[in-house]
Enquirer: 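Take a look at this one; I'll ask things after.
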Amino acid sequence: MTGAAVCEDTMSDRGPEAGAAAVYIEQLAHYVGERVTIRGWVAGTRSSGKVRFLIVRDGTGLVQGVVTADSGPGAFEAVGSLPIEAAVEVEGLVRADDRAPGGVELSLGRVLPVHVPEEEYPIAPKEHGVGFLMQHRHLWLRGRKQVPVLRVRDGALWAMRRFFKERRFVATEAPILVSTSVEGTTTLFSIDYFGQPAYLSQSGQLYLEATCAALGKVYWIGPVFRAEKSKTRRHLTEFWMLEAEVAFLEHEGNLQLQEDLVRYVAQYVAEEHGDDLEVLERDPNVLLAAVKEPFPRIAYADAVELVRCAGVDMEHGEDLGAPAEDVLSRHFGRPVFVERFPIGIKPFYMKRCADAPACALCADLIAPEGYGEIIGGSQRVDTQAELEAQLAEAGVPQDPYAWYVDLRRWGSVPHAGFGLGVERTVAWLCGIPHLREAIPFPRMLDRLAP
RNA sequence: UCCCCGGUAGCUCAACAGGCAGAGCGGCUGGCUGUUAACCAGUAGGCUGGAGGUUCGAAUCCUCCCCGGGGAGCCA
């Protein structure tokens with residue numbers, strides 16, 4: 001049986017003059033003993049006199065090619081002259097070799113440069129400062145640790161979609177251009193919309209509340225924008241949010257849904273992205289242990305006590321700051337729900353606890369290892385009178401929210417939902433310290449390019 | 001918006017108390033038949049972020065500006 005029969009995913013656009021089948025590096029183990037073509041970029045070269053080594057990456061992995069003077073016409077010389085990040089097409093015999101990190105390497109027979117850079121590649125195989133790397137983000141993406149992060153991101157997003165598809169949620173959309181804010185406190189990016197003020201959406205939630213009354217169970221994954229001048233490892237001005245909203249779902253079911261989702265995504269990544277996590281030196285068992293059920297829960301009031309006992313100064317009624325979240329994160333060592341926040345620090349649309357009108361029927365999910373809040377969710381206000389009262393209490397003008405109030409006018413039902421920060425989740429899964437590496441082109445305070 | 005740190009070769013950083021601007025990596029040249037960010041030898045590479053000031057003399061001290069990093073608040 002040939003490798004091609006094992007794996008059909010070969011590249012197809014090969015001309016008639018082409019030699020061995022072009023395959024991706026991640027499939028090479030299926031092709032031991034066969035001649036294949038790899039197309040990619042030079043990640044590095046080494047030489048030991050009469051033997052030269054060429055490291056090629058193609059987005060799916062890295063493989064080392066070996067050439068000697070008798071390897072093939074011009075191959076030895078070509079490898080000697082290729083600079084880092086040259087684009088190449090190489091053909092060779094796949095060999096199993098214990099010395100190779102991936103278990104296989106390539107005895108090269110033919111080395112065809114596709115593009116040979118004339119200038120020195122700015123990113124050398126050594127440590128660089130963050131500022132320099134961010135200025136070269138368009139190239140930094142090719143880095144040995146950047147590629148697996150983006151692959152894990154893809155895996156996490158795929159797992160989210162699959163989770164909701166399995167549960168028969170409908171994927172839908174919310175607008176990016178909006179005329180009102182979702183949460184009055186947050187700063188919005190304003191734009192000129194044909195002479196009328198408009199904003200970039202900071203959340204699709206209000207719209208999902210409308211959509212869920214049409215479709216029952218909905219979710220969306222999209223970009224949202226926060227114009228806060230935050231300058232920390234946990235903030236981006238443009239980030240992706242997964243939001244879900246379910247009709248007839250109440251607080252308890254909401255938390256269960258969130259917990260199931262986070263567990264599903266973490267297990268998927270731990271099981272399907274072992275190679276990527278290994279490059280990132282992230283132990284999948286840490287993730288699997290973290291998401292064992294059930295996630296601990298703590299009431300806000302108790303969380304405050306716990307935080308104060310740990311020596312972090314905070315008042316009842318204040319929101320959880322970063323140091324407070326770190327205390328909870330360390331104390332539980334797993335994702336933890338903080339429930340029943342005081343209404344004063346939560347937005348107007350949250351329903352209040354039946355037994356405690358001063359508490360919102362909500363929960364934040366704090367990720368382990370100091371990654372901060374990855375989910376904020378709540379059961380929503382479902383009567384017109386309550387909503388109007390809470391809008392007034394929050395000092396929010398009613399007019400722009402007339403349509404939102406309408407949702408409570410016709411067939412209003414109990415409903416709940418949440419928003420999950422994609423980059424924070426990906427950063428946690430990967431074990432990387434800063435959100436900026438969890439998205440291809442991060443937007444931050446003072447960083448709009450590349 | 002506030003607090004802290006930094007800006008010297010392509011990159012990462014040295015340069016004591018103001019006194020000849022240096023190293024490693026990367027590049028280039030040469031050597032080595034199994035290297036894993038290989039190793040060895042040689043070589044090129046600088047308006048010390050900008051403007052002003054103090055001084056016989058400034059990378060070094062002072063003022064302002066620009067840029068970057070870390071953190072806080074707020075949030076996901």
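Sequence lines set the chain letters: A, B, ... in the order given, protein chains first and strands last, and positions in each chain run from 1. As a basis for the values below, the full set of heavy atoms in this structure was taken, side chains included, without hydrogen atoms, waters or symmetry mates.
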Enquirer: With a 4.0 Å cut-off on N to O distance, would you call A:E386 and A:R352 a salt bridge?
Expert: no

Enquirer: On a heavy-atom basis, which atom in A:E26 and which in A:T60 lie closest, and how many Å separate them?
Expert: N-OG1, 3.0 Å

Enquirer: With sequence neighbours excluded, what pairs up with A:Y121 under the side-chain hydrogen bond (donor to acceptor under 3.5 Å, both in side chains) test?
Expert: none

Enquirer: Which value, in whole Å, describes the distance between the P atoms of nucleotides B:rG31 and B:rG68?
Expert: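 Their P atoms lie roughly 45 Å apart.
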
Enquirer: What residues, two or more places apart in sequence or in another chain, satisfy side-chain hydrogen bond (donor to acceptor under 3.5 Å, both in side chains) together with A:E259?
Expert: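 Result, side-chain hydrogen bond (donor to acceptor under 3.5 Å, both in side chains) vs A:E259: A:R263.
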
Enquirer: Under a 4.0 Å N-O cut-off, is there an ion pair linking A:R167 with A:D260?
Expert: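 Looking at A:R167 and A:D260, the cut-off is met.
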
Enquirer: Holding to salt bridge (charged side-chain N to carboxylate O under 4.0 Å, His left out), I want the full list of residues that pass it with A:E120, two or more places apart in sequence or in another chain.
Expert: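 Salt bridge (charged side-chain N to carboxylate O under 4.0 Å, His left out) check on A:E120 returns nothing, list empty.
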
Enquirer: What stem regions, each of at least 3 consecutive Watson-Crick or G-U pairs below 3.5 Å, can be found for RNA chain B?
Expert: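 RNA chain B stems, ordered by first number: B:1-7 with B:66-72, B:10-13 with B:22-25, B:27-31 with B:39-43, B:49-53 with B:61-65.
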
Enquirer: Between B:rC61 and B:rC16, how far is it from one P atom to the other, in whole Å?
Expert: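 The same atom, P, in both gives a distance of 10 Å.
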
Enquirer: Please state the P separation for the pair B:rA59 and B:rU8 - nearest whole angstrom.
Expert: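 It comes out at 14 Å once rounded to the nearest Å.
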
Enquirer: For A:E325 and B:rA72, what is the distance between atoms CD and C1' respectively, to the nearest whole Å?
Expert: 13 Å

Enquirer: Rounded to whole angstrom units, what separation is found between the CZ atom of A:R95 and the P atom of B:rU35?
Expert: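 These atoms are roughly 14 Å apart.
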
Enquirer: Rounded to whole angstrom units, what separation is found between the CD1 atom of A:I366 and the P atom of B:rC75?
Expert: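 Atom CD1 in A:I366 sits about 12 Å away from atom P in B:rC75.
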
Enquirer: Quick check on contacts: within residues 42-49 of chain A, what sits under 4.0 Å from RNA chain B by heavy-atom distance?
Expert: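 Correct list: A:R46, A:S47, A:S48, A:G49.
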
Enquirer: Could you tell me whether A:L236 contacts a base, only the sugar-phosphate backbone, or nothing, with contacts defined as non-hydrogen atoms closer than 4.0 Å?
Expert: base

Enquirer: May I ask you to say whether A:E373 pairs ionically with A:R234, meaning some side-chain N is under 4.0 Å from a carboxylate O?
Expert: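 No, this pair does not count.
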
Enquirer: Can you tell me how far C1' of B:rC75 sits from CZ of A:F189, to the nearest Å?
Expert: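 After rounding, the gap between these two atoms is 13 Å.
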
Enquirer: At 4.0 Å (heavy atoms only), tell me whether A:Q64 reaches a base, stays on the sugar-phosphate, or touches nothing.
Expert: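 Contact class for A:Q64: base.
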
Enquirer: With rounding to the closest Å, how many angstrom separate the C1' atoms on B:rG52 and B:rA15?
Expert: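 Looking at atom C1' only, B:rG52 and B:rA15 are 25 Å apart.
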
Enquirer: Could you check whether A:P83 gets within reach of a base, just the sugar-phosphate, or nothing at all, counting any heavy atom under 4.0 Å?
Expert: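 Contact class for A:P83: none.
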
Enquirer: When we call it a touch if two heavy atoms are under 4.0 Å apart, what does A:G129 touch: a base, just sugar-phosphate, or nothing?
Expert: sugar-phosphate

Enquirer: P atom, B:rU35 versus B:rC39: distance in rounded Å?
Expert: 12 Å

Enquirer: Mind checking side-chain contact (heavy atoms from CB on, under 4.5 Å) for A:A213 and listing every partner two or more places apart, or none if nothing turns up?
Expert: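 With neighbours one apart ignored, the set is empty.
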
Enquirer: What's the gap between B:rC47 and B:rG7 when it is taken at their C1' atoms, as a whole Å value?
Expert: 15 Å

Enquirer: Pick the P atom in B:rC25 and in B:rA37, then give their distance to the nearest Å.
Expert: 15 Å

Enquirer: So A:D364, base contact, sugar-phosphate only, or nothing? Heavy-atom distance under 4.0 Å.
Expert: nothing

Enquirer: Can we say A:D364 and A:K346 salt-bridge, meaning some charged N sits less than 4.0 Å from an Asp/Glu carboxylate O?
Expert: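 Yes, charged N to carboxylate O under 4.0 Å.
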
Enquirer: Between B:rU33 atom P and A:R52 atom CZ, what is the distance in whole Å?
Expert: 11 Å

Enquirer: Distance criterion of 3.5 Å, no angle test: do you see the side chain of A:S230 paired donor-to-acceptor with the base of B:rC74?
Expert: yes

Enquirer: Hey, does A:E119 reach any base, or is it just sugar-phosphate, or nothing, if we go heavy atoms under 4.0 Å?
Expert: nothing

Enquirer: Check every atom of B:rA76, B:rG34, B:rG69 against the side chain of A:V66 and return the nucleotide holding the closest atom.
Expert: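 Nearest to the side-chain atoms of A:V66, counting from C-beta on, is B:rG34.
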
Enquirer: Figure out the CD/P separation between A:E120 and B:rC25, and round it to whole Å.
Expert: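 Rounded to the whole Å, the gap is 14 Å.
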
Enquirer: For A:V130 and A:I55, take the nucleotide of RNA chain B holding the closest heavy atom to each; which residue's nucleotide lies nearer the 5' end?
Expert: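 Counting from the 5' end, the first nearest nucleotide belongs to A:I55.
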
Enquirer: Is there a donor N/O on one and an acceptor N/O on the other, under 3.5 Å, for the side chain of A:H128 and the base of B:rC11?
Expert: no

Enquirer: Distance check needed: B:rU33 C1' versus A:R99 CZ, whole Å only.
Expert: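 Atom-to-atom, A:R99 to B:rU33, this comes out as 11 Å.
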
Enquirer: When the C1' atoms of B:rG6 and B:rA17 are compared, how many Å lie between them, rounded to an integer?
Expert: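 It works out to 22 Å between them.
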
Enquirer: Would you say whether A:F53 stacks on B:rG34? The test is a distance between ring centres of less than 5.5 Å and an angle between planes of less than 30°.
Expert: no

Enquirer: Give a yes or no on whether a donor-acceptor pair under 3.5 Å exists between the nucleobase atoms of B:rG34, that is its base, and the side chain of A:E105.
Expert: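 Looking at the base of B:rG34, it does pair with a donor or acceptor on the side chain of A:E105 (distance under 3.5 Å).
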
Enquirer: Please pick, from B:rA72, B:rU12, B:rG68, the nucleotide with the shortest atom-to-atom distance to any side-chain atom of A:K231.
Expert: B:rA72

Enquirer: Kindly point out which of B:rG73, B:rG34, B:rU33 is positioned nearest to the side chain of A:K50?
Expert: B:rU33

Enquirer: Under the rule for ring-ring contact (aromatic ring centres under 6.0 Å, His included), what residues qualify as partners of A:Y300, not counting sequence neighbours?
Expert: A:F341

Enquirer: Could you check whether A:A322 gets within reach of a base, just the sugar-phosphate, or nothing at all, counting any heavy atom under 4.0 Å?
Expert: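 The answer is sugar-phosphate, as A:A322 gets under 4.0 Å only of primed atoms, P, OP1 or OP2.
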
Enquirer: According to salt bridge (charged side-chain N to carboxylate O under 4.0 Å, His left out), who are the partners of A:R95, at least two apart in sequence or on a separate chain?
Expert: A:D97, A:E105

Enquirer: Tell me which residues in residues 428-445 of chain A put a heavy atom below 4.0 Å from RNA chain B, sorted by number, or none.
Expert: A:H434, A:L435, A:R436

Enquirer: Enumerate, atom names and distances included, each donor-acceptor pair closer than 3.5 Å involving a side-chain atom of residues 305-328 of chain A, sequence neighbours excluded.
Expert:
| unit_1 | atom_1 | unit_2 | atom_2 | d |
| --- | --- | --- | --- | --- |
| A:E305 | OE2 | A:H316 | NE2 | 3.0 |
| A:R308 | NH1 | A:M314 | O | 3.3 |

Enquirer: Centre of A:W158's six-membered ring, under 6.0 Å away, within 45 degrees of the axis: is that where NZ or CZ of A:R161 sits?
Expert: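 No; the conditions do not both hold, so A:R161 does not lie above the ring face of A:W158.
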
Enquirer: Please report the distance, rounded to the nearest Å, between CD in A:E85 and P in B:rG27.
Expert: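 My rounded result for the distance is 13 Å.
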
Enquirer: Do A:R424 and B:rC75 have a side chain to base donor-acceptor pair shorter than 3.5 Å?
Expert: yes

Enquirer: Listed by chain and number, what are the salt bridge (charged side-chain N to carboxylate O under 4.0 Å, His left out) partners of A:R35, not counting sequence neighbours?
Expert: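 Residues passing salt bridge (charged side-chain N to carboxylate O under 4.0 Å, His left out) with A:R35: A:E91.
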
Enquirer: Taking only residues two or more places apart in sequence or in another chain, which ones pass salt bridge (charged side-chain N to carboxylate O under 4.0 Å, His left out) with A:R424?
Expert: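 Once residues adjacent in sequence are excluded, A:R424 has no partner under the salt bridge (charged side-chain N to carboxylate O under 4.0 Å, His left out) criterion.
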
